[in-house]
*Asks:* 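There's a structure below that I have some questions on.
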Amino acid sequence: MTTNEPAQFEMFRDPFKMLIVLLNLVAEQQGMELDYEKVPSFENETFLIRHANDGDISDERIPNFIYKKDGTEITWYHYLGRDIYCSKDLSREEYNKMFVDCMASLYQLNG
């Protein structure tokens, strides 16, 4: 049986913690606390974050996070951390570089 579904790779603890740090920074900039059930929406030239699948009754997975520089997508189901997957099989180092780049872009620290 073949499928046209894109590959999804499980996201483990350390990269997930970096994602939480990034989302906390986004929430802080918006003057709110991070709510795992409804993450804050944010977009700049480096990344996009949104609460997707809200009220979505289809099985289509809409990316909650997109790293625009290489198209890496992270999805989760209904709340942050539940059934979380990444579109690429990244190493810890690659995740760290990506999330640090996103954090720097929040404060316009990218050169």
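Note that the structure is predicted; figures quoted are calculated from it, not measured.
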*Asks:* Any chance the side chains of Asn44 and Ser105 put a donor and an acceptor closer than 3.5 Å?
*Replies:*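 Side chains of Asn44 and Ser105: pair found under 3.5 Å.
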
*Asks:* If you group Ile, Leu, Val, Met, Phe, Trp and Tyr by side-chain heavy-atom gaps below 4.5 Å, do Ile49 and Met32 land in one group?
*Replies:*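 Each belongs to a different hydrophobic cluster.
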
*Asks:* I'd like to check Phe47 versus Val26 (side-chain heavy atoms, cut-off strictly below 4.5 Å). Are they in contact?
*Replies:*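 With C-beta onward as the side chain, the pair touches.
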
*Asks:* Does any part of the side chain of Leu106, heavy atoms only, come nearer than 4.5 Å to the side chain of Phe42, both counted from C-beta?
*Replies:*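 A side-chain contact under 4.5 Å exists here.
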
*Asks:* If you measure from CG on Leu22 to SG on Cys102, what distance do you get to the nearest 0.5 Å?
*Replies:*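 SG of Cys102 is found 5.5 Å from CG of Leu22.
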
*Asks:* Asp35: what forms a side chain to side chain contact (heavy atoms under 4.5 Å, CB included) with it, not counting sequence neighbours?
*Replies:*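 Counting only residues at least two positions away or on another chain, Asp35 forms a side chain to side chain contact (heavy atoms under 4.5 Å, CB included) with Glu37, Lys38.
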
*Asks:* How many angstroms lie between atom CD1 of Ile62 and atom CD of Glu73, to the nearest 0.5 angstrom?
*Replies:*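 Spacing of CD1 (Ile62) from CD (Glu73) equals 11.0 Å.
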
*Asks:* To check you understand the geometry: which heavy-atom pair defines the closest contact between Ala27 and Leu34, and what is its length?
*Replies:*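 Nearest heavy atoms, Ala27 then Leu34: CB-N, 3.8 Å.
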
*Asks:* Over all heavy atoms of both residues, which pair between Leu23 and Pro40 is shortest? Give the atoms and the distance, please.
*Replies:*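 Minimum heavy-atom separation between Leu23 and Pro40: O-CG, 4.3 Å.
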
*Asks:* Clusters formed by hydrophobic residues whose side-chain heavy atoms approach within less than 4.5 Å: which one holds Ile66, and what are its other members?
*Replies:*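 Besides Ile66, the hydrophobic cluster comprises Leu48, listed by chain and residue number.
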
*Asks:* With heavy-atom distances below 4.5 Å as the criterion, would you say the side chains of Met103 and Leu25 are in contact?
*Replies:*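 A side-chain contact exists here, since the closest heavy-atom pair is under 4.5 Å.
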
*Asks:* Please round to the nearest 0.5 Å and tell me the distance separating atom CZ of Arg82 and atom CH2 of Trp76.
*Replies:*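 It comes to 14.0 Å.
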
*Asks:* Give, for atom CD of Glu93 and atom CG of Asn96, the distance between the pair rounded to the nearest 0.5 Å.
*Replies:*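 It comes to 8.0 Å.
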
*Asks:* I'd like to check Thr72 versus Leu90 (side-chain heavy atoms, cut-off strictly below 4.5 Å). Are they in contact?
*Replies:*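 Yes, at least one pair of side-chain atoms sits under 4.5 Å.
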
*Asks:* Do the side chains of Leu80 and Phe16 get nearer than 4.5 Å, heavy atoms only?
*Replies:*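 Yes, close enough: below the 4.5 Å cut-off.
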
*Asks:* List for me each residue that meets ring pair (Phe, Tyr, Trp, His ring centres under 6.0 Å) alongside Tyr67, sequence neighbours excluded, and say none if there are none.
*Replies:*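 Not a single residue meets the ring pair (Phe, Tyr, Trp, His ring centres under 6.0 Å) criterion with Tyr67.
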
*Asks:* Between Glu94 and Lys88, is the closest basic N to carboxylate O distance under 4.0 Å?
*Replies:*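 Result for this pair is no, no salt bridge flagged.
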
*Asks:* Could you tell me whether Lys97 atom NZ has more than 12 heavy atoms of other residues or ligands within 6.0 Å of it?
*Replies:*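 Result for NZ/Lys97: open.
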
*Asks:* Please check if the distance between the ring centroids of Phe99 and Phe65 is under 6.0 Å.
*Replies:*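 Yes, they do, as the ring centres are separated by less than 6.0 Å.
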
*Asks:* Please determine whether side chain to side chain contact (heavy atoms under 4.5 Å, CB included) holds for the pair Tyr95 and Leu19, giving the CA-CA distance in whole Å, both sets of side-chain angles, and the decisive distance to 0.1 Å.
*Replies:* CA-CA 9 Å; Tyr95 273 116; Leu19 177 60; over 6 Å; no

*Asks:* Does Tyr79 OH have over 12 foreign heavy atoms under 6.0 Å away?
*Replies:*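 It does not: Tyr79 OH has 12 such atoms or fewer within range.
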
*Asks:* Can you see which heavy atom on Arg50 is nearest to which on Ser41, and at what distance?
*Replies:*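 Looking at all heavy atoms of both residues, the shortest contact is CA-OG, 3.9 Å.
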
*Asks:* Check whether any side-chain heavy atom of Met18 lies under 4.5 Å from a side-chain heavy atom of Met98, and answer yes or no.
*Replies:*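 Sidechains of Met98 and Met18: no contact.
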
*Asks:* I want to check something: taking the side chain as every heavy atom from C-beta on, are Thr75 and Asp83 in contact at a cut-off of under 4.5 Å?
*Replies:*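 Side chain of Thr75 against side chain of Asp83, heavy atoms only: no contact under 4.5 Å found.
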
*Asks:* When you look at Thr46 and Asp101, which way does the side chain to side chain contact (heavy atoms under 4.5 Å, CB included) test go after all the steps?
*Replies:* CA-CA 8 Å; Thr46 304; Asp101 187 37; 3.6 Å; yes

*Asks:* Looking at every heavy atom in both His78 and His51, which two are closest together, and how far apart are they?
*Replies:*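 The pair with the smallest heavy-atom distance is O-CE1, 3.2 Å.
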
